[in-house]
Structure formats: C-alpha cells, structure tokens
Amino acid sequence: MNNKVLFLTQAALIAAIYVVLCTVFAPISYGEIQVRVAEALVILPYFTPAAIPGLFIGCFLSNMIGGSILADMIFGSLATLLGAVGSYCLRGNRFLVLLPPVVANTLIVPFVLYYGYGVNLPIPFMMLTVGLGEIAAVVILGSILLNVLARYKGIIFRNQNYA
C-alpha cells in the first residue's frame, strides 16, 4: 500500500474513532468536569505519526458537533495537537507519552472554560478538575490501550515509513 494512503487512512480512522467516542460518551465528554474517553487515543502517536493530525481533526470535529464555542474548537483542539506532538516526541519512552496530553489540556482548557464559557470557578480549581479528567482518560484508559496495542504493534502498525 502507498505510504501516503496508509498515513491518510490511519489519520482518518483515528479522527473518526475520536468523534465516535466523544459522541457515545457525550454526557461526560464536555463541560468543566469531564472525562473525555476519546483522549485515551492520545497515546497513538507512540505508534504512528498519523495520529497527530487524526487526533487534532477528531477533537476539532467533536467540539464542533458537541456544540462548543469557536474558542473551544480552536484552543481545545490545539491542546490536543500539542499533547499529540509531545507524545510523538517522547515516543522513545512508553510511559512519558502519557504526560504531554495531560499537561497541555490541564494548562489550556481551564482558560477556555473561564474566558470562553464564563465558568465562574477559580482557574486553579478547573485545572485540578480538567487534570483529573485527563488522568482518568489518558493515564488510566490510555495506558491500558497502550499496553494492549504494544502487544500487537508489529501487526497493526507495521511499515510505518512515511518518508
């Protein structure tokens, strides 16, 4: 299979899965206290660089479909993008790939909630709630997904040379 086609296919599938997970788990995917199950997918840059645009597009579309404001669509998606790029950069260590998405969302999303949605809670408190949600989604669910996929890495993510 052509490597560009493989890259685009993987990115599109990851985006679609992200959107489906946000839609299925909509009641807990949005708001100041959330556990966005789809964020477990941010470990995928460990396996393929195609996850980076896939996660960004999936997050953007999920925010758009979920009725988010423009600031959330932009900055929430950028937080996911930064987390995915950070995970890709740290892909040499299976455990460090979990940190960038947690940090990016914990630092960015509370400001979107406060200034964009007018949530009248202290930003440090929202950092705590968003951070806890990210820990649940990324560190707990994401690490389970990472361990399962690592067993099948050679089967699922072979021929990852996109040059």
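Start at 1 with the first residue, then count along the sequence. Computed from a predicted model, the values in this text were never measured in an experiment.
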*Decide whether V85 and L90 are clustered together by the hydrophobic rule: side chain heavy atoms of Ile, Leu, Val, Met, Phe, Trp, Tyr closer than 4.5 Å, transitively.*
no
_Taking S29's backbone N and O only, do any of them form a donor-acceptor pair with R36's side chain (distance below 3.5 Å, no angle check)?_
yes
*Say whether, by atom type as modelled, one donor and one acceptor occur between the side chain of T48 and the main chain of P45 under 3.5 angstrom.*
no
*Check whether L82 and F60 end up in the same hydrophobic cluster, where Ile, Leu, Val, Met, Phe, Trp and Tyr are linked by side-chain heavy atoms less than 4.5 Å apart.*
yes
_So, taking the atom named CG in L145 and the one named CZ in F47, what distance separates them when rounded to the nearest 0.5 Å?_
7.0 Å
*Can you find a heavy atom in the side chain of S143 that is under 4.5 Å from one in the side chain of F95?*
no
*Hey, is CG on N120 packed in by over 12 heavy atoms from elsewhere, all under 6.0 Å?*
no
*asked:* What's the separation between atom CD1 in I65 and atom OH in Y30, rounded to the nearest 0.5 Å?
replied: 7.0 Å
*Find the distance between CG (L13) and CG (L44) and round it off to the nearest 0.5 Å.*
11.0 Å
Using a 3.5 Å cut-off and no angle test, enumerate the donor-acceptor pairs between side-chain atoms of residues 98-118 and protein atoms at least two apart in sequence or in another chain.
unit_1 : atom_1 : unit_2 : atom_2 : d
N105   : ND2    : E39    : OE1    : 3.3
N105   : ND2    : P101   : O      : 2.9
N105   : ND2    : E134   : OE1    : 3.4
T106   : OG1    : V102   : O      : 2.6
Y117   : OH     : I69    : N      : 3.1
Y117   : OH     : D72    : OD2    : 2.9

*Which heavy atom in A150 sits nearest to a heavy atom in R94, and how many Å separate them?*
CB-NH1, 3.6 Å
*Nearest 0.5 Å please: distance from the CG atom of L61 over to the OG1 atom of T23.*
10.0 Å
_Tell me every residue that passes side-chain contact (heavy atoms from CB on, under 4.5 Å) with F125, counting only those two or more places apart in sequence or in another chain._
L121, P122, T129
_Please say yes or no: joined through hydrophobic side-chain contacts below 4.5 Å, possibly via intermediate residues, are I28 and V139 part of one cluster?_
yes
*Could you pull out all residues at least two apart from A40 that satisfy side-chain contact (heavy atoms from CB on, under 4.5 Å)?*
L141
*OG1 on T80 to OH on Y18, rounded to 0.5 Å*: 4.0 Å
*What heavy-atom pair brings P49 and P53 nearest, and what distance separates the two atoms?*
O-CD, 3.4 Å
*Closest approach of I14 to A51 (non-hydrogen atoms, all atoms of both residues)*: CD1-CA, 3.6 Å
_Nearest-0.5 Å distance, CG of residue L146 to CZ of residue R151_ = 11.0 Å
*When hydrophobic residues are tied together by side-chain contacts of less than 4.5 Å, even through go-betweens, does V24 share a cluster with L55?*
yes
*Any chain of hydrophobic side-chain contacts (each under 4.5 Å) joining V138 to V37?*
yes
